[in-house]
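As structure tokens, the structure follows; a few thoughts come after it.
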Amino acid sequence: MLHEYKRKRNFANKGKKAAFPKPFAPMLAKLVKTPFTKPDWIFEPKLDGIRALSYIQNGKANMLSRRGLNLNHRYPAINQELADMDERLILDGEIVALDAEGKPSFQLLQQHDELSATAAKKVQIIYYVFDILYYKDRDLRGLSLNDRQNVLRHVLSSGESVKVVESLNCDGKQAFQICLDKGLEGIVAKYAQGIYEPGRRSENWLKVKVTQSAEFIICGYNPGTGSRKSTFGSLLLGYYDNSGELIYAGNVGTGFNAQLLAKLKKLMKPLERKTSPFKEKVPNGRLVTWLTPELVAEIKYAEITQDKKLRVPVFMRLREDIDLHQTGPTPVVKAVPATVAQSIEEPKTDELIRTHLLDQSENVNLLVAGNSIKITNLDKILWPGNTKTGPLTKRDYLLYLLDMAPILLPHLKDRPITLIRYPSGLSGQRFFQKHWNQNRPSFVDTVEYYSEHNDTDEEYLICNNLSTLLWFGQMSSLELHTAHSRVNPEPDLNHPDFIVFDLDPYVYSGKEAKGAEPELNSKGFAKVKKVAFWLKEVLDQIGIKSYLKTSGRTGLHIYIPIVRNVEYERIRAVARILGEYLVSAHGADITVEWAVSKRTGKIFFDYNMNARGKTLACPYSPRSTAEACVSAPIEWSELSDIYPDDFTITNMFERIAEKGDLWSDILDNKNDLHVLLSSKKMNILNLVPKKT
DNA sequence: GAAAGAT
DNA sequence: ATCTTTCAACGCCGA
DNA sequence: TCGGCG
Ligand SMILES: [Mn+2]
Ligand SMILES: [Mn+2]
């Protein structure tokens with residue numbers, strides 16, 4: 001709908017008085033990797049359709065695509081509405097088809113183009129206008145975007161098929177998050193003071209895409225098999241580089257439905273030829289049916305590989321509005337403009353993540369520190385919980401991780417990690433995971449070291465940031481087990497930060513299936529408390545400060561922080577001597593026996609976890625118990641009064657809010673084992689009877 | 001749960 | 001597009 | 001060296 005623009009003083013006479021311009025190319029946006037926030041920038045949703053400039057005068061409208069294709073007849077309703085404005089105008093916008101949910105869908109737009117006039121009426125096609133470049137007798141291209149948008153909003157209001165794009169009224173990161181959630185292609189950031197630069201890919205317009213896509217030329221196809229035997233298996237893609245040479249960009253074999261396969265086959269038939277259009281030799285070119293390079297397709301892809309091929313390409317659609325020489329991968333601007341570096345606030349991004357996790361949708365894309373993390377099945381039940389908590393879902397778990405991250409991450413930092421994954425929840429299959437040899441998200445740190453097991457170097461996962469932590473949560477890693485040594489700082493992974501004691505009750509409840517591990521029971525836990533106090537007694541005598549936590553399952557973990565000047569083997573030997581000493585004093589209640597059958601009724605004093613590559617549930621890790629108990633740091637003075645299921649993912653955060661992290665200073669209170677071993681204080685251990 | 005393969 | 005399949009640790013103990 | 005073990 002058109003309005004008379006009355007506030008002449010400010011804007012209407014601001015543009016340059018000029019004759020109605022000849023058609024020009026639209027201003028284009030450069031691609032950047034990460035969303036940003038910066039004053040003086042405006043953020044709009046990136047709409048996925050056909051870009052169109054509309055030239056309106058004398059009661060007629062001319063809609064032209066990027067390539068200059070006339071779109072008037074394809075979109076008659078829009079054309080009519082523009083013509084009815086009966087004003088001299090040039091508008092810039094995107095023609096979009098909306099699906100049932102009101103989401104732009106280029107697939108729908110494409111289908112619409114092929115439908116009969118009557119059938120086409122059922123699809124909602126909208127022209128979203130985001131810029132005005134000429135009004136009455138003025139050329140507005142020299143005005144700032146701010147001024148142009150002021151004119152646009154006064155002149156146009158949204159009608160039936162022509163609507164004005166609303167800027168996203170928030171910062172760039174929020175805008176990007178909103179687009180992720182709504183399934184939009186991305187955002188366009190526009191500098192408010194920038195002029196309109198026809199035909200230029202300007203720094204003043206920056207697009208941030210969820211995934212990248214670009215146009216490529218179909219240059220041949222490989223034969224298909226099975227259901228694809230009658231059409232084709234994959235398409236060979238190419239593009240023209242700056243010197244005009246046709247470059248091979250790899251093959252695309254997914255993204256087609258039966259209808260599209262048939263249509264492409266038909267379109268390709270008349271273009272078939274004997275010779276390759278490429279100058280370069282294409283690998284496995286024997287079976288290829290070559291084509292004269294004429295068909296342009298939009299291809300979505302993850303990235304461009306070193307050898308300039310598309311990685312994970314997916315066919316999106318044919319693009320007849322793109323010129324053959326406008327093809328090829330979209331160059332990515334290395335960084336956002338320098339001024340953006342002074343970006344103001346990094347405000348409450350945690351709060352933003354929280355709101356998205358609390359959103360009722362089952363799947364979301366979280367934006368965490370500039371990383372997009374795909375989260376699925378938020379309502380999947382991971383732990384059955386109890387009558388008080390109800391079932392605990394992935395949503396609950398991710399919220400726990402988000403809340404606990406400031407406390408949890410320092411305990412994970414630089415430590416190789418073992419994930420215990422339960423993709424189908426606690427009752428499903430379980431497996432351990434230390435590596436991720438597929439394509440790893442860029443935010444995940446790893447360390448490479450020699451694995452005796454595989455007799456080669458392997459890459460091990462490390463959790464050094466919130467993105468990684470939430471990614472682990474997404475993958476239903478119900479337990480997080482960390483190594484006792486760190487990658488950083490010096491010296492290395494062979495020198496642990498702790499001597500660890502893993503106390504496991506082998507006191508059976510009687511309800512276990514035969515051969516099963518003992519379940520949590522009060523007798524067993526009472527006994528493990530007793531043993532822990534005996535151990536503390538010895539450590540106190542030597543003058544060693546120790547840290548205590550529940551394992552979260554049935555036992556207790558006791559850690560002695562040490563200066564990193566002793567290797568695992570020595571540590572293990574010391575731990576063993578302590579264990580054997582305790583057995584000599586309390587043989588009825590403590591055992592170091594390896595055979596399970598010999599442990600019955602006793603506490604297994606497991607010194608053997610002191611080894612590189614061995615991991616234990618980290619502080620605050622949930623465990624595979626019905627109620628999602630967590631490994632909870634406790635004060636020695638609390639031990640008499642607690643039980644493992646006092647601490648779960650539903651209440652740990654409250655406890656932290658009250659007591660803080662009882663283990664936060666564990667790395668600041670180290671014992672020097674060298675000094676201790678040479679002091680008389682260790683004499684107590686000489687009481688250990690020598691084994692024969 | 002993710003990626004690759006089959007139809 | 002949808003379904004199916006495969007894969008996802010490791011070091012020490014003691015016989 | 002290999003199955004048991006956590
Ligand atoms: Mn244990
Ligand atoms: Mn154990």
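FYI, side chains are in, hydrogens and waters are out, and symmetry mates aren't considered; it's all heavy atoms of this structure. Here is how names work: the chains are called A, B, and so on, in the same order as the sequence lines, proteins then strands, and each is numbered from 1.
- Spacing between C:dC10 and B:dG1 at atom P, rounded to whole Å, works out to 23 Å.
- Checked by atom type, the side-chain pair A:Asn251/A:Tyr248 shows a donor-acceptor distance below 3.5 Å.
- Taking atom C1' in both D:dC5 and C:dA9, one finds a spacing of 13 Å when rounded to whole Å.
- Taking the six-membered ring where tryptophan is involved, the planes of A:His411 and A:Trp663 are perpendicular, since the angle between them exceeds 60° and thus also 30°.
- Across all strands shown, A:Lys229 has no heavy atoms under 4.0 Å from either base or sugar-phosphate atoms.
- When the P atom of D:dG6 is taken as reference, atom CZ of A:Phe605 falls 16 Å away, rounded to whole Å.
- For A:Thr554 and A:Glu519, the side-chain atoms include no donor-acceptor pair closer than 3.5 Å.
- Put simply, CG on A:Asp606 is 13 Å from C1' on D:dG4, counting in whole angstrom units.
- Counting to the nearest Å, the P atom of D:dG6 and the CZ atom of A:Phe604 are 7 Å from each other.
- Under the salt bridge (charged side-chain N to carboxylate O under 4.0 Å, His left out) criterion, the residue pairs touching residues 463-487 of chain A are A:Glu479-A:Arg623, A:Arg486-A:Asp497, with sequence neighbours excluded.
- The CZ-C1' distance, from A:Arg623 to D:dG6, rounds to 11 Å in whole Å.
- In this structure, A:Asn439 atom CG and C:dC7 atom P are separated by 18 Å, rounded to whole Å.
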Sugar-phosphate atoms are those with a prime plus P, OP1 and OP2; base atoms are the rest. Using that split, label each nucleotide of nucleotides 8-15 of chain C B, S or - for protein heavy atoms under 4.0 Å, 5' to 3'.
-> BBSBSBS-
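- Nucleotides B:dG5 and C:dA8, compared at atom P, are 15 Å apart to the nearest Å.
- Between A:Phe256 and A:Phe232, the distance separating the two ring centers is shorter than 6.0 angstrom.
- Using bins of under 30°, 30° to 60° and over 60° for the plane-to-plane angle, the ring pair A:Phe605/A:Phe501 lands in the tilted bin.
- Listed pair A:Lys374 / B:dA2 fails the phosphate criterion, with no side-chain N or O lying under 4.0 Å from OP1 or OP2.
- Donor-acceptor pairing under 3.5 Å is lacking for the side chains of A:Thr231 and A:Tyr221.
- Spacing between atom CG of A:Asp504 and atom P of D:dC5 amounts to 14 Å, rounded to whole angstrom units.
- Atoms CD (A:Gln438) and C1' (B:dG5) sit 14 Å apart, rounded to a whole Å.
- B:dG1 atom P lies 13 Å from atom CD1 of A:Ile381, rounded to whole Å.
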